[in-house]
2 protein chains.
Amino acid sequence: MRPPSVSDVARRAGVSKATAARVLGGYGRVSAAIHAAVSAAAAEIGYRPNELARSMTTGRSDTIGIVVGDIANPFFAVAVHAMSQVLRAEGFGVLLANSAESLAEEKAAIDTLLGRRVDGMIVSPADMRESSHLRAIVDSGVPLVQFDRCAAGLAVAGVTADDRDVAAEVTHMLIRRGHRRIAYFTACETDSGRFSDLEEIGTGSVRERIAGFLAAGEGLEDTALEVVVGAVGAKRAQSLATEVLSRGAEAPTAMIASDSTIGLGLYTAARAAGIAIPQALSLVTFHDADWTAIAHPGITVISQPARRLGEEAARMLIRQIQTGDGTCAHRVVPCRIIPRGSVGDGPVS
Amino acid sequence: MRPPSVSDVARRAGVSKATAARVLGGYGRVSAAIHAAVSAAAAEIGYRPNELARSMTTGRSDTIGIVVGDIANPFFAVAVHAMSQVLRAEGFGVLLANSAESLAEEKAAIDTLLGRRVDGMIVSPADMRESSHLRAIVDSGVPLVQFDRCAAGLAVAGVTADDRDVAAEVTHMLIRRGHRRIAYFTACETDSGRFSDLEEIGTGSVRERIAGFLAAGEGLEDTALEVVVGAVGAKRAQSLATEVLSRGAEAPTAMIASDSTIGLGLYTAARAAGIAIPQALSLVTFHDADWTAIAHPGITVISQPARRLGEEAARMLIRQIQTGDGTCAHRVVPCRIIPRGSVGDGPVS
DNA sequence: TACATGAAAGAGACCGGTCTCTTTTTGTGG
DNA sequence: CCACAAAAAGAGACCGGTCTCTTTCATGTA
């Protein structure tokens with residue numbers, strides 16, 4: 001049994017399909033009497049407009065595609081929430097896709113979304129080094145806003161946090177407090193399993209942060225900044241941290257975690273090794289997760305404006321759709337450093 | 001500029017629309033030569049099938065609608081992640097809608113999704129007392145699986161945790177350890193601002209938990225079980241807990257939090273009031289959040305199988321879609337109690 | 001050579017809306 | 001009372017696919 005269509009309503013109301021469509025679609029002019037009759041007939045048989053068919057002719061689907069790395073990650077969850085609120089208020093539905101931070105899956109997701117004729121897309125590119133699939137979006141004439149990360153050499157709007165600046169700021173702070181050996185932990189992987197070049201880091205936001213981190217130490221002779229890659233998940237982060245901390249006098253006196261899951265791993269590793277925070281080790285993590293305020297001591301965090309980033313991206317996209325304006329504005333939303341107590345003075349202070 | 005269509009490809013390849021469609025749609029029989037020619041033409045002009053048009057004739061949209069209370073809530077975030085993984089593997093896209101736990105928004109969301117002709121829906125009903133809109137889904141012939149909560153008197157499939165049982169179990173455990181005054185904190189609101197009747201609780205899962213909680217104390221004369229409502233957000237939970245704890249000798253010696261946000265509020269309240277956990281107050285919270293393992297002492301939690309619940313719901317829906325089978329199976333996935341150290345002996349032990 | 005057979009290609013209806021163009025009805029003014 | 005404009009209703013094309021039905025053409029066999 002197919003659901004009732006305009007024709008069914010028309011037949012029941014004894015009018016032409018065109019007239020019924022005018023009433024049901026809310027366009028054109030119809031006499032009050034007929035309007036009432038059609039509305040009544042529609043209610044009786046439970047008519048519900050087929051938005052697919054409507055999209056077919058209007059060319060608009062009133063749907064926005066969102067592709068993020070991992071919806072279970074609180075940062076993305078909050079951002080997606082914010083986006084969908086803003087979009088819903090404007091009458092858009094949200095088609096959500098997870099890329100699992102895999103380029104292949106991201107491409108596949110974008111393909112499906114383009115096939116579904118979304119009116120716009122918000123994508124957080126898994127790898128800033130590959131942007132052909134993003135270009136395909138633009139070439140299809142579909143408005144696009146990059147989220148949290150931006151692909152290299154692509155003139156497309158984007159909303160990001162001030163990753164590089166805030167990373168540099170926090171690193172400077174650690175150096176100022178006397179730290180000379182600082183390690184940055186990221187979940188990103190490299191072919192060799194070690195970090196040697198910024199180019200190896202595909203995730204745009206992380207690359208920015210590491211760039212800021214390294215820039216902060218540039219020119220300082222006695223300062224050793226180290227980047228540890230492959231810290232995927234708390235478990236792995238913990239074991240990597242344990243390894244690094246076991247270097248004794250050569251071990252870093254301060255650590256920066258690229259996300260709160262890693263931060264948790266580092267914190268756990270320090271506790272397990274009996275290393276006192278902040279006396280023997282300073283710790284800073286990105287993302288203001290619940291546990292950071294509860295920990296002893298409280299963990300100094302870089303709070304990411306997930307909600308504002310999401311809202312901003314959605315608004316930017318809507319503007320682009322409504323005005324048809326393709327200017328590739330880049331909006332940077334500042335992070336906030338929340339000092340809590342996990343940062344102490346280093347050996348040289 | 002409209003994107004290229006089957007006709008465009010056909011024209012370029014010098015064949016009929018029907019033939020081109022056969023190649024592009026992957027059905028019927030076509031000679032190898034023509035197949036190659038059409039494929040080449042499609043690639044040249046960048047043809048991408050219009051899934052909307054396809055849905056139009058096939059009647060399937062390959063899209064599943066998911067309506068949850070709050071995607072920013074880790075429980076739902078993880079569940080939605082699991083669902084979309086399972087669904088994607090089966091070729092379905094996901095249209096996500098947030099109800100903000102509001103019945104009105106839930107109805108609106110369902111309406112839009114039905115209009116978009118989704119092939120199935122997974123909904124976590126905001127209010128188990130109202131199910132007319134859910135019935136509308138079933139009446140439209142759209143397969144539906146309820147998630148985490150089930151509406152009353154509705155013969156529709158559902159996947160839930162064993163909320164009632166686990167709540168009873170944890171309450172029994174507290175009673176066994178000597179607690180006589182136990183408070184259960186929920187974010188649900190009632191008209192009066194106080195709890196007097198189970199009927200006032202709209203959220204199915206919460207009602208189940210409270211039912212189990214109260215059942216565990218039934219018949220025990222000296223046991224006072226209390227339900228505190230309106231604990232929305234950590235802040236509010238904290239102030240409500242502070243109030244309850246200030247009752248001195250009349251204050252509960254054990255508390256159960258209906259989610260980890262509330263749990264955090266309770267924990268913070270206890271610390272702020274200088275009440276020792278578990279010596280003076282025992283604490284249990286639903287959801288195995290990060291912070292519960294980090295806290296001092298670790299918080300005993302009721303771990304919800306969010307991932308499994310999500311997978312199960314998705315699989316159940318797929319089965320229903322593929323077999324057309326409308327049996328309203330109810331699947332209950334057990335929660336796991338993770339003892340950590342926040343539960344101590346009560347005064348009567 | 002003639003004819004049955006079946007594969008390959010084409011023609012055109014259909015899905016459920018929108019929208020343009022045409023026809024009919026209504027209402028107004030001379 | 002009729003002309004004429006404007007409003008209301010109808011007819012039918014169209015969007016981009018799928019799919020049925022028909023036609024064409026090559027192959028095999030008697």
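Residue numbers begin at 1 in each chain, while the letters A, B, ... track the order of the sequences.
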Distances for protein N/O vs nucleotides 19-21 of chain D N/O pairs under 3.5 angstrom?
none

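- Tested against A:Phe92 for a side-chain contact (heavy atoms from CB on, under 4.5 Å), the candidates A:Thr63, A:Ile321, A:Val118, A:Leu317 yield a single pass: A:Ile321.
- Checked by atom type and distance alone, the side chain of A:Gln146 pairs as donor or acceptor with a backbone atom of A:Ala151 at under 3.5 Å.
- The CG-C1' distance, from B:Asn50 to D:dG16, rounds to 6 Å in whole Å.
- Here B:Leu52 lies out of heavy-atom contact (under 4.0 Å) with every strand.
- Taking 4.0 angstrom as the limit, A:Arg29 places a side-chain polar atom (N or O) nearer than this to OP1 or OP2 of D:dA8.
- In this structure, CD1 of B:Ile34 is placed 13 Å from P of D:dC25, rounded to the nearest angstrom.
- When heavy atoms are screened at a 4.0 angstrom cut-off, B:Leu24 is found touching no nucleic acid atom at all.
- Atom-to-atom, CE of B:Met56 to P of D:dC14 comes out at 17 Å; the value is rounded to the nearest Å.
- The closest donor-acceptor contact from the side chain of A:Asp119 to the backbone of A:Asp62 lies under 3.5 Å.
- Closest approach of B:Pro305 to B:Val333, counting heavy atoms only: CG-CG1, 3.4 Å.
- Computed from C1' positions of five pairs at each end, the angle between the two local axes of the helix from C:dT1-D:dA30 to C:dG30-D:dC1 equals 60°, rounded to 10 degrees.
- At distances below 3.5 Å, at least one donor-acceptor pair connects side-chain atoms of B:Ser61 with backbone N or O atoms of B:Arg117.
- One finds no side-chain N or O of B:Thr57 lying less than 4.0 angstrom from the OP1 or OP2 phosphate oxygen of C:dC15.
- Taking atom CZ on B:Arg11 and atom C1' on D:dG16, their separation rounds to 13 Å, with Å as the unit.
- Looking only at distances, no side-chain donor or acceptor of A:Thr160 sits under 3.5 Å from a matching main-chain atom of A:Asp148.
- Formation of a donor-acceptor pair under 3.5 Å by the B:Arg207 side chain with backbone atoms of B:Ile201 is found in this model.
- Rounded to an integer number of Å, the gap from A:Arg2 CZ to C:dC14 P is 13 Å.
- Distances shorter than 4.0 Å separate some side-chain N or O of B:Thr19 from OP1 or OP2 on C:dG10.
- Checking side-chain atoms of B:Glu106 against main-chain N and O of B:Ala126 turns up a donor-acceptor pair under 3.5 Å.
- In this structure, A:Phe76 and A:Phe147 have tilted ring planes: the angle between them lies in the 30° to 60° band.
- Protein atom CZ of A:Arg116 is 15 Å distant from nucleotide atom P of D:dG17, rounded to whole Å.
- Regarding contacts with the backbone of C:dC15, every side-chain N or O of A:Ser5 stays at 4.0 angstrom or more from both OP1 and OP2.
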List the atom pairs, with distances to 0.1 Å, where a side-chain N or O of residues 79-89 of chain A and a protein N or O form a donor-acceptor pair under 3.5 Å, not counting sequence neighbours.
from: A:His81; atom 1: ND1; to: B:Asp70; atom 2: OD1; distance (Å): 3.2
from: A:His81; atom 1: ND1; to: B:Asn98; atom 2: ND2; distance (Å): 3.1
from: A:Ser84; atom 1: OG; to: A:Val80; atom 2: O; distance (Å): 3.2
from: A:Ser84; atom 1: OG; to: A:His81; atom 2: O; distance (Å): 3.1
from: A:Gln85; atom 1: OE1; to: A:Arg307; atom 2: NH2; distance (Å): 2.5

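- Separating the CZ atom of B:Arg60 from the C1' atom of D:dT18 is a distance of 11 Å, rounded to the nearest angstrom.
- Across the interface with DNA chain C, nearest-nucleotide mapping of B:Arg117 and B:Val15 shows B:Val15 to be the residue nearer the 5′ end.
- Between the NE2 atom of A:His35 and the P atom of D:dA7 there is a distance of 18 Å, given to the nearest Å.
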